[in-house]
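Structure, as structure tokens:
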Amino acid sequence: MPAALAEAVDTAEAAPIDRAVALIRPFLSDIGWFDALLAEEIQAMAGDPRHLPGFRASRQGGARHLVLARTERIWLTASLLDGGQAPSERVHFSGRVSLCRPLNGPLAGDAWRLEGARAMMAGARICAAGATIELDERREALWVRPTDAPLMLLRAQVAPTGPVQARIHDRSDGRTIASAQADEGHARALMLLSLLRLQGRRDAADQFAQALDAPLPGQRWAVMREYLALDTARALPALRAMAGREIDAVVRGLATRTLRQVEGMPCPA
């Protein structure tokens, strides 16, 4: 990754959403760095048939992605959308701000916006090759029309701070099909707590208690389960507090039922 881009990504990671987008936007407007990166990797592969670029690649259906930068909040990818694909019946609101630049042809689709719990079509949109389309996918989305030939895109996605709310809607009537929240920082913290629990690290119990302030209800309950598995007696006060004060009804109910089970267990002695 070019030094200027790496610095922008690092600064954007800690910046408010508008500032973060402003830091990344110039790298979609002027892609000389991307052309130079491709030329460098092509030259390296020509000189050594075993050379592999140091970027992660992924594929999902008819879309292939080369991950150029990936942090908790900033994603930058080069994507290839296969031609001749069947049209999707879903509209996806990623919960992030998206900057997308088609490279080898126009990007055409239908714009959608959220109105309450339903998605509504807002008209056709076309972005010429070399131009950039910007979408706040917390409340707007672009349903991309299938193409006969492959379409190449350079795309940046910038997440707000905190949990990201993603939504999928039915294109026929705009109704919600699925909705999910994600918080990558707390997800990584939970993975580390799981490792500590597997190692029996009771000396790290304070870390479990601190992680109970996770912003998402499901994550708070996941932390509590790890805490109980590590040291049930030490986790009991936090479990009682969750059963009495947790704002999410589902998690509060889980905590209440678990508390009854734990307090009703016979003493092992």
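Quick note: numbers below take in every heavy atom, side chains included, and nothing from hydrogens, waters or symmetry partners.
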Item to check | Positive for side chain to side chain contact (heavy atoms under 4.5 Å, CB included) with C100, one of L153, T132, L154 | outcome: L153
Checklist entry - With a cut-off of 6.0 Å (strictly less than), are more than 12 heavy atoms of other residues, nucleotides or ligands near CD of E134? => result yes
Checklist entry - Same hydrophobic cluster for I24 and F55, using side-chain heavy-atom links shorter than 4.5 Å among ILVMFWY? => result yes
Next on the checklist: Suppose the criterion is ring pair (Phe, Tyr, Trp, His ring centres under 6.0 Å): which pairs have a residue in residues 65-106, not counting sequence neighbours?
Outcome noted: F93-H169
Checklist entry - Within a reach of under 6.0 Å around CD1 of I126, are more than 12 heavy atoms found that belong to other residues, nucleotides or ligands? => result no
Checklist entry - Above 12 or not: heavy atoms from other molecules or residues under 6.0 Å from CD of E7? => result no
Item to check | Greater than 12 external heavy atoms within 6.0 Å of R118's CZ | outcome: yes
Next on the checklist: So for atom CG, which belongs to D35, do other residues, nucleotides or ligands contribute more than 12 heavy atoms lying within a distance under 6.0 Å?
Outcome noted: yes
Next on the checklist: Applying side chain to side chain donor-acceptor pair (under 3.5 Å) to E89 and S172, what does each step give before you reach the verdict?
Outcome noted: CA-CA 7 Å; E89 296 304 319; S172 64; over 6 Å; no
Item to check | Residues, nucleotides or ligands: over 12 heavy atoms within 6.0 Å of R70 CZ | outcome: yes
Item to check | Side-chain heavy-atom pair L37, L68 within 4.5 angstrom cut-off | outcome: yes
Checklist outcome for this item: Looking only at heavy atoms, the pair that brings S88 and R90 closest together is OG-N, 3.1 Å
Checklist entry - Cluster question for you: counting only ILVMFWY and a side-chain heavy-atom cut-off of under 4.5 Å, with indirect links fine, are I168 and L114 together? => result no
Checklist outcome for this item: Contacts of R145 meeting salt bridge (charged side-chain N to carboxylate O under 4.0 Å, His left out) (sequence neighbours excluded), chain-then-number -> D110
Checklist entry - Are V97 and V164 grouped together when hydrophobic residues (ILVMFWY) are joined by side-chain heavy atoms under 4.5 angstrom apart? => result no
Checklist entry - Just checking, any donor-acceptor pair under 3.5 angstrom between side chains of S98 and R155? => result yes
Item to check | Salt-bridge present (D30, R101; N to O < 4.0 Å) | outcome: no
Item to check | 4.5 Å side-chain heavy-atom contact, R167 and T176 | outcome: yes
Checklist entry - Any chain of hydrophobic side-chain contacts (each under 4.5 Å) joining L23 to V158? => result no
Item to check | Pairs touching residues 231-254 that satisfy salt bridge (Lys or Arg N to Asp or Glu O under 4.0 Å), sequence neighbours left out | outcome: D206-R234, R220-E246, R240-E263
Next on the checklist: side chain to side chain donor-acceptor pair (under 3.5 Å) for T161 and R73? Distances and angles first, verdict last.
Outcome noted: CA-CA 8 Å; T161 55; R73 294 181 57 207; 5.6 Å; no
Checklist entry - Do T258 and W221 come close enough that some side-chain heavy atom pair is under 4.5 Å? => result yes
Item to check | Salt-bridge contact R201-E226 (side-chain N to carboxylate O under 4.0 Å) | outcome: no
